Amino acid sequence: MANYYSDHPELAFHLDHPLMRRLVELKEKQYADAGAHPDAPVDYEDAIENYRRILEITGDIAANTIAENAESVDLEGPHLENGRMIYASKTFENLDITRKAGLYGVSMPRRYGGLNLPSTVFSMLSEVISAADAGFQNIWSLQSCIDTLYEFGSEEQRQKYIPRICAGETMSMDLTEPDAGSDLQRVMLKATYDEKEQCWRLNGVKRFITNGDSDIHLVLARSEEGTKDGRGLSMFIYDKRNGGVDVRHIEHKLGIHGSPTCELTYKNAKAELCGDRKLGLIKYVMALMNGARLGIAAQSVGVEQEAYNEGLAYARERAQFGEKIIHFPAVYDMLSRMKAKLDAGRSLLYQTSRYVDIYKSLEDIARDRKLDADERAEMKQYSRLADAFTPLAKGMNSEYASQNAYDAISIHGGSGFIMEYKSQRLYRDARIFSIYEGTTQLQVVAAIRYVTNGTYLQVIRDMMQSEVSDEMRPLKARIAPLVDLYEKAVQYVKDANNQEVHDFLARRLYDMTAELIMSLLIIDDASRAEGDLKQRFTDSANVYVRMTEEDVCAKAYYVMHFTEADLASFRAE
């Protein structure tokens with residue numbers, strides 16, 4: 001019987017990373033829950049075994065229920081009835097089985113009924129579910145919105161809402177409006193305080209809201225009358241039980257058909273303030289979006305894996321000119337690049353997740369006691385790394401998902417264009433990943449300051465100093481001149497002292513940064529792996545480093561031969 005976790009030993013490999021021991025120690029607060037909660041681990045080995053067990057359960061459900069239902073869900077999609085969104089029939093089945101398996105409240109403390117799993121494991125669960133059906137992963141993974149309420153809400157709100165999410169209720173984040181997409185400072189949904197009822201009231205329209213008819217919403221709204229920028233926005237909690245919000249429209253989309261994308265009308269809807277006024281966009285949405293971006297990176301890796309699986313299986317079976325097409329160089333070139341992107345992208349995803357786990361766990365500990373100087377330094381270090389790596393993980397993996405899905409169709413040839421084959425659905429689903437929760441262009445904006453201030457270069461230099469296996473040393477040596485070339489390209493852009501040139505070339509610097517980091521990560525994986533995985537990662541490292549050489553050399557040449565005068569050729573009038 002198929003299992004989307006155990007069938008891919010690369011996941012178990014990342015569960016055994018050296019940083020995991022520190023991560024688990026912090027997340028479990030020195031195993032303080034042991035004894036008080038029967039499912040709490042007593043030590044590191046017990047915690048890892050618990051993670052594996054949950055991943056295996058999820059892998060089974062993903063392969064044998066969610067994946068089996070995916071085609072039906074894609075064809076039926078959700079529909080609208082009397083102002084309410086109704087999921088596709090098989091989506092209800094998916095929700096029911098994941099609830100019965102206890103796969104909700106994944107990241108929440110056990111005292112609220114949660115599983116207290118780290119982000120790294122949550123990302124693995126998201127990857128596994130996305131490989132089965134990226135649309136359902138959207139619905140399931142939005143439970144992570146509760147992290148923002150846990151982090152910034154009151155204890156009364158935690159007690160009120162977190163157990164409901166742990167029991168399987170659904171969530172959404174209501175941010176976007178018809179005139180406020182990427183530019184959330186333009187949000188105008190109005191929040192006014194009702195003195196008589198001692199509550200807030202929300203009025204206005206939200207658009208492109210994923211899972212928009214959920215049970216509990218986090219809503220960005222304008223609480224400060226007369227303001228027009230982000231400083232007038234606050235975060236609110238809307239409970240569907242109170243009414244006041246209707247679904248006006250469900251979007252008809254290219255892909256992720258099982259994930260309802262709704263237009264909502266708020267009519268005097270009762271809501272609670274989450275956290276402090278005026279910090280909705282400045283602080284809370286930033287935290288919410290970083291978590292969501294990590295979720296999209298995991299969603300992307302799941303589709304990367306499934307696209308590779310589909311392409312590989314078809315290439316092994318399809319014969320042309322008397323030979324299986326997997327033996328044609330044009331085909332195995334595509335497959336090797338797909339696998340290299342998958343392995344490197346996955347490594348970047350889980351490295352980012354581990355950074356997030358360490359600093360978030362220290363933040364959580366700081367709610368109970370004062371951190372010592374070493375802990376504060378550790379939190380600062382990993383917070384900065386998480387902030388720098390998140391836009392790389394989201395941007396690169398979302399692009400790789402589209403590329404792998406595209407190549408899977410190419411390997412299928414004409415059959416890939418036929419709706420009966422899964423590849424076309426993966427291609428349609430993947431296209432949104434580089435758009436929602438911040439386009440790739442916005443990931444470049446988020447990352448570029450770490451390019452120009454030298455943060456990434458220092459990370460890369462530090463990684464270059466780490467020990468690797470004898471087999472990987474020649475490959476790692478090939479990266480050294482690329483790093484020097486990258487440094488020169490960055491300096492060239494800085495020396496140009498022109499913001500438009502800087503912005504125009506930023507994407508190329510971003511790509512070079514990510515590719516160098518991923519090359520070093522996959523080399524490290526190949527150095528640590530054993531058995532069959534060692535050869536798999538070695539192959540991917542060889543392919544990925546060559547891809548990086550090809551790309552960094554070309555992009556560095558482009559950057560360092562670009563001048564301010566060249567901009568005129570590109571400007572659209």
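Computed from heavy atoms alone, side chains included, the values below leave out hydrogens, waters and symmetry copies. In this text the structure is predicted, and so the values were computed from the model without any measurement.
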Side-chain contact, heavy-atom cut-off 4.5 Å: E272 with Y161?
-> yes

Under the 3.5 angstrom rule, does the side chain of Y150 hit a backbone N or O of P109 as a donor-acceptor pair?
-> no

Partner of E151 under salt bridge (charged side-chain N to carboxylate O under 4.0 Å, His left out), picked from K360, R158, K283, is K360

Between S398 and K394, is there a donor-acceptor pair closer than 3.5 Å when you use the side chain of the first and the backbone of the second?
-> yes

Just by distance, do the side chain of Y355 and the backbone of T390 share a donor-acceptor pair under 3.5 Å?
-> no

Intermediate values then yes/no, side chain to side chain donor-acceptor pair (under 3.5 Å), Q299 and S141 | CA-CA 9 Å; Q299 185 181 45; S141 70; over 6 Å; no

Crowding at CG, D183 (>12 non-hydrogen neighbours, <6.0 Å) | yes

Could you check T91 against F136 for side chain to side chain contact (heavy atoms under 4.5 Å, CB included), going step by step and ending with a plain yes or no?
-> CA-CA 7 Å; T91 298; F136 182 70; 4.2 Å; yes

Is the shortest side-chain N to carboxylate O distance from D239 to K160 below 4.0 Å?
-> no

NZ/K29: more than 12 non-hydrogen atoms of other groups inside 6.0 Å | yes

Is N497 atom CG crowded by more than 12 heavy atoms from other residues, nucleotides or ligands, each under 6.0 Å away?
-> no

Look at atom OH of Y427 and say whether more than 12 heavy atoms of other residues, nucleotides or ligands are closer to it than 6.0 Å.
-> no

Below 4.0 angstrom, N of the basic side chain to O of the carboxylate: do E177 and K206 qualify?
-> yes

To the nearest 0.5 Å, how far apart are OH in Y104 and CZ in R164?
-> 15.0 Å

Expected output: side-chain N211 to main-chain S214 donor-acceptor under 3.5 Å | no

Ignoring hydrogens and angles, tell me if any N or O in the side chain of R376 forms a donor-acceptor pair with the backbone of L371 under 3.5 Å.
-> yes

Going through the checks in order, is the side chain to side chain contact (heavy atoms under 4.5 Å, CB included) test met by S126 and F122?
-> CA-CA 6 Å; S126 288; F122 195 177; 3.9 Å; yes

Name the one of K90, Q424, R428, K422 that satisfies side-chain hydrogen bond (donor to acceptor under 3.5 Å, both in side chains) with D74?
-> R428

Does K494 NZ have over 12 foreign heavy atoms under 6.0 Å away?
-> yes

Residues S223, W200; criterion side chain to side chain contact (heavy atoms under 4.5 Å, CB included); working and verdict = CA-CA 9 Å; S223 58; W200 288 86; 4.1 Å; yes

Between D364 and R367, is there a salt bridge with N-O shorter than 4.0 Å?
-> yes

Step-by-step salt bridge (charged side-chain N to carboxylate O under 4.0 Å, His left out) determination, E169 to K240 | CA-CA 11 Å; E169 292 195 34; K240 184 178 176 180; over 6 Å; no

How long is the span from the CZ atom in R384 to the OG1 atom in T455, to the nearest 0.5 Å?
-> 3.5 Å

Flag yes if more than 12 heavy atoms outside F504 fall under 6.0 Å of its CZ atom; otherwise flag no.
-> yes

When you measure from the side chain of Q305 to the backbone N and O of G302, does any donor-acceptor pair fall under 3.5 Å?
-> no

Quick one: are L220 and L288 in side-chain contact, heavy atoms under 4.5 Å?
-> no

F389 side chain near I517 side chain, heavy-atom distance below 4.5 Å = yes

List the steps and the verdict of side chain to side chain donor-acceptor pair (under 3.5 Å) for T210 and N138.
-> CA-CA 8 Å; T210 302; N138 266 347; 5.0 Å; no

Under 4.0 Å between a Lys/Arg side-chain N and an Asp/Glu carboxylate O for R369 and E375?
-> yes

Decide yes or no for T58 and M124: does some side-chain heavy atom of the first lie under 4.5 Å from some side-chain heavy atom of the second?
-> no

Between L567 and R571, does a side chain to side chain contact (heavy atoms under 4.5 Å, CB included) hold up when you go through it step by step?
-> CA-CA 6 Å; L567 286 170; R571 291 190 185 104; 3.7 Å; yes

Taking the six-membered ring for Trp, are H252 and H249 parallel (under 30°), tilted (30 to 60°) or perpendicular (over 60°)?
-> perpendicular

Which word best sums up how the rings of Y450 and Y456 line up, parallel for under 30°, tilted for 30 to 60°, or perpendicular for over 60°?
-> perpendicular

For the pair Y350 and H14, name the ring-plane relationship: parallel under 30°, tilted 30 to 60°, perpendicular over 60°.
-> tilted

Apply side chain to side chain donor-acceptor pair (under 3.5 Å) to the pair Y266 and D174, showing each step before the final yes or no.
-> CA-CA 11 Å; Y266 279 78; D174 302 4; 2.5 Å; yes

Taking side chain as C-beta onward, heavy atoms only, is T440 less than 4.5 Å from R507?
-> yes

Taking the side chain from R186 and the backbone from D179, do they hold a donor-acceptor pair closer than 3.5 Å?
-> yes

Are the charged groups of E263 and R248 less than 4.0 angstrom apart, N to O?
-> yes

Quick one: does E224's side chain get under 4.5 Å of S234's, heavy atoms only?
-> yes

Output all residues satisfying side-chain hydrogen bond (donor to acceptor under 3.5 Å, both in side chains) with D96, sequence neighbours left out; order by chain, then residue number.
-> K100

Kindly say whether T439 contributes a backbone atom to a donor-acceptor pair with the side chain of S434 at under 3.5 angstrom?
-> no

Within 6.0 angstrom of Q499 CD, more than 12 heavy atoms from elsewhere = yes

Do other residues, nucleotides or ligands put more than 12 heavy atoms under 6.0 Å from Q198 CD?
-> yes

Student check: side-chain heavy atoms of M235 and L273 closer than 4.5 Å = no

For the residue pair L175 and V285, establish whether any side-chain heavy-atom pair is separated by less than 4.5 Å.
-> yes

Find the distance between NE2 (H217) and OG (S172) and round it off to the nearest 0.5 Å.
-> 4.0 Å

side-chain hydrogen bond (donor to acceptor under 3.5 Å, both in side chains) filter on D229, not counting sequence neighbours, yields R231

How many angstroms lie between OH in Y382 and CZ in R354, if you round to the nearest 0.5 Å?
-> 10.5 Å

Can you name the side-chain hydrogen bond (donor to acceptor under 3.5 Å, both in side chains) partners of Q185, sequence neighbours left out?
-> none

Between the main-chain N or O of L95 and the side-chain N or O of T98, is there a donor-acceptor pair closer than 3.5 Å?
-> yes

CZ-CG distance between R207 and L189, expressed to the nearest 0.5 angstrom = 15.5 Å

Taking the six-membered ring for Trp, are F152 and Y284 parallel (under 30°), tilted (30 to 60°) or perpendicular (over 60°)?
-> tilted

Drop me the distance from S107's OG to Q143's CD, to the nearest 0.5 angstrom.
-> 6.5 Å

Within the distance-only criterion (no hydrogens, no angle test), does the side chain of T176 pair as donor or acceptor with the backbone N or O of G181 below 3.5 angstrom?
-> no

